[in-house]
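Read through the structure below, which is laid out as structure tokens, and then see the notes.
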Protein chains: 2
Amino acid sequence: MTDASTAERELGTTFMPRFDAQGLLIAIAVDSVTKDILMVAFMDAEALQKTRETGLAHFHSRSRGKLWLKGETSGHFLRVEQILVDCDQDALQLMVRPEGPACHTGARSCFYRSLDGDSLVKIAP
Amino acid sequence: MTDASTAERELGTTFMPRFDAQGLLIAIAVDSVTKDILMVAFMDAEALQKTRETGLAHFHSRSRGKLWLKGETSGHFLRVEQILVDCDQDALQLMVRPEGPACHTGARSCFYRSLDGDSLVKIAP
């Protein structure tokens, strides 16, 4: 499995984002100050390009099938300060400064519940 | 879009993991002490059940098409202390205590590179 391109992808300095069969990769937005994960979404090549061009997190909405500027309706943009890339380059970590709650429910983070036995308990406002 | 089941899924206390068309959801392993993201993988229902039963992170290997106990060959298990669930329940955050490097490259985290212009720079050992 470890050929030259795998080695370059995993250990090299070349950015070779690996989109899946649907043309998507995972993007995790993390608050650069608190290190809390704010949300998880998908990016296609267009969303990645727009994010890099503008410094504002863009994703690909699977439900709407189109480019999605996070905050385009709410004003709660995510300003991207740094992009980390994982070993096989199919996941990105966006270190962001959020301009409001990241979750559409109004929560600061989408991860506001914890699994406790078979139930969920709220851990954050 | 907001019907009773959506409201319950997003705001309620019922654990209703939402697997995608491939039967998978996203699982992000986070170091419970440093809050660094260690790795991202997928879980099917079996991997989720095994993780909850054993307290050790299990994933579904898409390349091998089967259950994967993280650390089964390396000994680098991820001990799960808490599971957070996102708003629409298609992503889990595992707060873990890692028993060694989480990345197969030997890095502590899979996110050891940062995008700098069009190149990747190493940010962690």
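Since this is a predicted model, take the numbers as computed values, not measurements. Throughout, a chain's letter reflects where its sequence line sits, starting with A, and its residues are numbered from 1. Just the heavy atoms: all of them, side chains too, but no hydrogens, waters or symmetry mates, feed the values below.
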Report the distance from atom [atom1] of [X] to atom [atom2] of [Y], rounding to the nearest 0.5 Å.
| X | Y | atom1 | atom2 | result |
| --- | --- | --- | --- | --- |
| A:I26 | B:F42 | CD1 | CZ | 3.5 Å |
| B:I37 | A:I37 | CD1 | CD1 | 4.0 Å |
| B:R52 | A:D118 | CZ | CG | 5.0 Å |
| A:L94 | B:L115 | CG | CG | 10.5 Å |

With a 4.5 angstrom heavy-atom cut-off, which part of [X] approaches chain A: side chain, backbone, both or neither?
| X | value |
| --- | --- |
| B:D36 | both |
| B:I28 | side chain |
| B:S119 | both |

Exam field: side chain B:R113 to backbone A:F15, donor-acceptor pair closer than 3.5 Å: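 A pair under 3.5 Å: no.
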For B:K35, is there an ion pair with A:D31 - N to carboxylate O distance below 4.0 angstrom?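 No salt bridge links A:D31 with B:K35.
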Between B:F111 and A:Q93, which heavy-atom pair has the shortest distance, and what is it?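 B:F111 and A:Q93 have their closest heavy atoms at CG-NE2, 3.4 Å.
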Kindly work out whether a path of hydrophobic side-chain contacts (I/L/V/M/F/W/Y, heavy atoms less than 4.5 Å apart) joins [X] to [Y].
| X | Y | value |
| --- | --- | --- |
| A:M39 | A:L25 | yes |
| B:W68 | B:L56 | no |
| A:L38 | A:Y112 | no |
| A:V40 | A:L92 | no |

Between B:S114, B:G12, B:C103, which residue shows the highest count of heavy-atom pairs closer than 4.5 Å to chain A?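 Highest number of heavy-atom pairs under 4.5 Å: B:S114.
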Under a 4.5 Å cutoff for heavy-atom pairs, which residue among B:L11, B:D90, B:V30 has the most contacts with chain A?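 The residue among B:L11, B:D90, B:V30 with the greatest pair count is B:L11.
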Less than 4.5 Å apart, side chain to side chain, heavy atoms only: is that true for B:M16 and A:L120?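 B:M16 does not reach A:L120 side chain to side chain.
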Give me the contact list for residues 78-89 of chain B versus chain A, heavy atoms only, anything under 4.5 Å, ordered by residue number.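 Counting heavy atoms that sit under 4.5 Å from chain A, the residues of residues 78-89 of chain B involved are B:Q82, B:I83, B:L84, B:V85, B:D86, B:C87, B:Q89.
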